[in-house]
Amino acid sequence: MEEIKQKLGEVVEKLFDIKTEVSVTVAPDNTGADYASNVAMQLAKLVHQAPMVTAERIKVELDGEGFGIEVAQPGFLNFTIDEGAILEKALKYADDLDGEIKDESYAGKTVVAEFSDPNPFKVLHVGHLYTSVVGDSISRLLELAGARVIRANFGGDVGLHVGKTMYSLMQKGEKENLTIEDVAKCYVGGTQAYEEDEAAKAEITKLNKEIYRINAEDVHGEELADLYWRGRELSYEYFEDFYGKIGVKFDKYYPESAVADRGVREVRAHTGTTYEESDGAIVYKGEKVGLHTRVFINREGVPTYETKDVGLIFTKWDDWHFDESIVVTGNEQADYMKVVLASVSEYAPQLVDRTTHLTHGLVKLPGNVKMSSRKGNFLKAIDVLEMINEMVKDENLTLAAIKYAFLKYKMGGDIVFDPKESVSTTGNSGIYLLYSAVRAKKILQKCVGEKYLGEKDTETSSEYEKTLAKKVVQYKDVIQEAVREKAPYKVCTYLYELAQEFSRFYEHVKVAGSEREAELAKLVKAYLNVMEHGLGLLGISAPESM
């Protein structure tokens, strides 16, 4: 693909004196081609020429470059690579996969990937499981491309939700032998009291300020303080235990209490220019940039989530001097983050330019059920693990089923997580991919040596062999796209298609004991290398047997 891009770019510049980013993609299966480009259509307005005419001119210039070219309506250029060259390339994936797929697009860059972001004093729900899996896979993709990735986790250890939890805990007197489940239930109870009882609301507001004081002054020995610190400790122990279960490791936790003061300093320093006072609060009026007004410091002088996010941006910069900061949140945070970033762009535009905000939809169960931690009617993350583990009786298969079920979807829309579908051994599932990898391992175990001694005989190469080889060599292009777009779903789509091609190969081609055993086994090895490597980018490991 990169070679075609380069040559296309050279021809476009030669013919039209235009330097442009040329698009080349893997061609759809129904075209019979390997790669395709719509560059002729992209150039239509610039060269004042019909795309078909432009495509034909480009084709003439590219003839003799080592690949077949066809022009298709309404102006596509379809490229076909020599089958012998594809097979030769595929076999190299058996010997040196890392060398063949090397990507240095992020070499020397530091990336802070912030994801998961659960709040202490609450239990993790299925949405946290989703964003943890997605954030980790994006991190793995960027590491493949040479980045130094800092996995960061931001959570609210102070704030109104803590005040609600503390209120309920103090009311119930549950101070001994606390568990994280006790704490989470008290959050639900405190939320109900805040919404229905004005006296409780006033007390919770007071507790909220007290908790900021306890944090700022590191208070211990007071009843509220000791209860707060115990709940906070339980929360982080619980987080670490769960992340260990799903194979995700964070390099840095950023509690809101650790960044709030920095945010307050930035907001107050720019009050009168970026921010302004309004009814005793400090706000940013986003209407001037097509957004909406949000409060950054409330009338009680307490920083809001907005100010803490400002503090987080600057704290991450102080800690890492990142080339890029990636923040993964739910779609409901999109407008909120636009306001926060718009405000910061007025006095630190370089940090906003380096920030990428990725959003995702809700995770729902079949039946389109929406879950809410505020109301307590949500599916806990640990329940998902236990549910799938009960089906497959194997922790590795459980993770494969769940991670693939989440990652195969493009980020943005809602996801319906179907437990039964996730453990299918025949459909588009992580379990199916693991079976495919294990099947390849069994083939290789049966191969006994170098039986094929001559040069490759292309006449005896089956269509299944050629098709599998073609799919194998697409891997480099796929992961480059996945890195560029921060899109693990592209890896999933490719691996499923690859496994399907291998299944057809397996059904029709005898490897062990054939006259071409060594060469065919090498193709199987190339396939296995790619499958295991791709699964690794998803945070999934292939077992030796199933």
If you take all heavy atoms of [X] and [Y], which pair is closest and at what distance?
{"X": "L87", "Y": "A469", "result": "CD1-CB, 3.8 Å"}
{"X": "A401", "Y": "V423", "result": "CB-CG1, 4.1 Å"}
{"X": "L495", "Y": "G534", "result": "CD1-C, 3.6 Å"}
{"X": "L129", "Y": "A381", "result": "CB-CB, 4.0 Å"}
{"X": "A145", "Y": "V483", "result": "CB-CG1, 3.8 Å"}
{"X": "V472", "Y": "Y93", "result": "O-CE2, 3.5 Å"}

Worksheet entry | ring-ring contact (aromatic ring centres under 6.0 Å, His included) partner of F250, the single match among F115, Y236, F242 |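 The option that passes is F115.
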In the structure I gave you, are the side-chain heavy atoms of [X] and [Y] within less than 4.5 Å of one another anywhere?
{"X": "V134", "Y": "M411", "answer": "yes"}
{"X": "M52", "Y": "V71", "answer": "yes"}
{"X": "K466", "Y": "K470", "answer": "no"}
{"X": "D319", "Y": "V112", "answer": "no"}
{"X": "L97", "Y": "V530", "answer": "yes"}
{"X": "Y494", "Y": "I479", "answer": "no"}
{"X": "N153", "Y": "P118", "answer": "yes"}
{"X": "I138", "Y": "L358", "answer": "yes"}

Is it true that [X] and [Y] have a side-chain N and a carboxylate O under 4.0 angstrom from each other?
{"X": "E481", "Y": "K490", "value": "yes"}
{"X": "K102", "Y": "D98", "value": "no"}
{"X": "E100", "Y": "K89", "value": "yes"}
{"X": "E463", "Y": "R504", "value": "no"}
{"X": "D95", "Y": "K522", "value": "yes"}

Suppose we screen for salt bridge (Lys or Arg N to Asp or Glu O under 4.0 Å). Which residues come up paired with [X], at least two apart in sequence or across chains?
{"X": "K393", "value": "E390"}
{"X": "K245", "value": "D241"}
{"X": "E10", "value": "none"}

Could you tell me whether the side chain of [X] and the main chain of [Y] form a donor-acceptor pair under 3.5 Å?
{"X": "D34", "Y": "I81", "result": "yes"}
{"X": "S139", "Y": "G135", "result": "yes"}
{"X": "K92", "Y": "G99", "result": "no"}
{"X": "S503", "Y": "Q500", "result": "no"}
{"X": "N389", "Y": "T398", "result": "no"}
{"X": "D394", "Y": "L397", "result": "yes"}
{"X": "S429", "Y": "S424", "result": "yes"}
{"X": "S37", "Y": "S23", "result": "yes"}
{"X": "D251", "Y": "R151", "result": "yes"}
{"X": "Y527", "Y": "E501", "result": "no"}

Does any donor atom in the side chain of [X] or [Y] lie under 3.5 Å from an acceptor atom in the other side chain?
{"X": "Y35", "Y": "E3", "answer": "no"}
{"X": "Q49", "Y": "T54", "answer": "yes"}
{"X": "Q445", "Y": "K442", "answer": "no"}
{"X": "E324", "Y": "Y106", "answer": "yes"}

Please round to the nearest 0.5 Å and tell me the distance separating atom [atom1] of [X] and atom [atom2] of [Y].
{"X": "L434", "Y": "T425", "atom1": "CG", "atom2": "OG1", "result": "11.5 Å"}
{"X": "E104", "Y": "K109", "atom1": "CD", "atom2": "NZ", "result": "12.0 Å"}
{"X": "E497", "Y": "Q474", "atom1": "CD", "atom2": "CD", "result": "7.5 Å"}

Item to complete: Show the numbers, then the answer: is there a side chain to side chain contact (heavy atoms under 4.5 Å, CB included) between K249 and Y243?
Response: CA-CA 7 Å; K249 177 70 175 176; Y243 292 135; over 6 Å; no
Discussion item. Parallel, tilted or perpendicular, judged at 30° and 60°: which one describes the rings of F406 and F417?
Written reply: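 Aromatic pair F406/F417 classed tilted.
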Worksheet item: Any idea how W317 and F322 line up, ring-wise: parallel (<30°), tilted (30 to 60°), or perpendicular (>60°)?
Response: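 Because their plane-to-plane angle is over 60°, the rings of W317 and F322 count as perpendicular.
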Practice prompt. Flag this pair as yes if the NZ/CZ of K408 is under 6.0 angstrom from the six-membered ring centre of Y404 and inside a 45 degree cone about the axis; otherwise no.
Written response: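 Verdict for Y404: no cation-pi partner in K408.
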Discussion item. Can you tell me which residue among E56, E61, R57 is in a side chain to side chain contact (heavy atoms under 4.5 Å, CB included) with K59?
Written reply: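 For K59, the side chain to side chain contact (heavy atoms under 4.5 Å, CB included) test succeeds with only one of E56, E61, R57, which is E56.
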Fill in: Residue that, paired with F154, satisfies side chain to side chain contact (heavy atoms under 4.5 Å, CB included) out of T329, D117, N119, V327
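Going through the options one by one, the only one that passes is D117.
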Neighbour count above 12 (heavy atom, 6.0 Å) for [X] [atom1]:
{"X": "D318", "atom1": "CG", "answer": "yes"}
{"X": "E332", "atom1": "CD", "answer": "yes"}
{"X": "E70", "atom1": "CD", "answer": "no"}
{"X": "Q350", "atom1": "CD", "answer": "yes"}
{"X": "E395", "atom1": "CD", "answer": "no"}

Practice prompt. Only counting residues at least two apart or in another chain, list the ones meeting ring pair (Phe, Tyr, Trp, His ring centres under 6.0 Å) with Y496.
Written response: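 Ring pair (Phe, Tyr, Trp, His ring centres under 6.0 Å) list for Y496, sorted by chain: Y432.
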Worksheet entry | Partner set under ring pair (Phe, Tyr, Trp, His ring centres under 6.0 Å) for F67, not counting sequence neighbours |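 Applying ring pair (Phe, Tyr, Trp, His ring centres under 6.0 Å) to F67 gives F79.
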Discussion item. I'd like to know whether M531 forms a side chain to side chain contact (heavy atoms under 4.5 Å, CB included) with F502, so could you lay out the CA-CA distance, the side-chain angles of the two residues, the decisive distance to 0.1 Å, and finally the verdict.
Written reply: CA-CA 10 Å; M531 178 57 70; F502 179 71; over 6 Å; no
Fill in: Residues Y464, Y506; criterion ring pair (Phe, Tyr, Trp, His ring centres under 6.0 Å); working and verdict
CA-CA 9 Å; Y464 304 103; Y506 178 82; over 10 Å; no
All N/O donor-acceptor pairs, side-chain side in residues 536-546, below 3.5 Å, sequence neighbours left out:
| from | atom 1 | to | atom 2 | distance (Å) |
| --- | --- | --- | --- | --- |
| S541 | OG | N396 | OD1 | 3.0 |
| E544 | OE2 | K441 | NZ | 3.1 |

Fill in: Intermediate values then yes/no, side chain to side chain contact (heavy atoms under 4.5 Å, CB included), L498 and L468
CA-CA 7 Å; L498 177 66; L468 179 59; 4.1 Å; yes
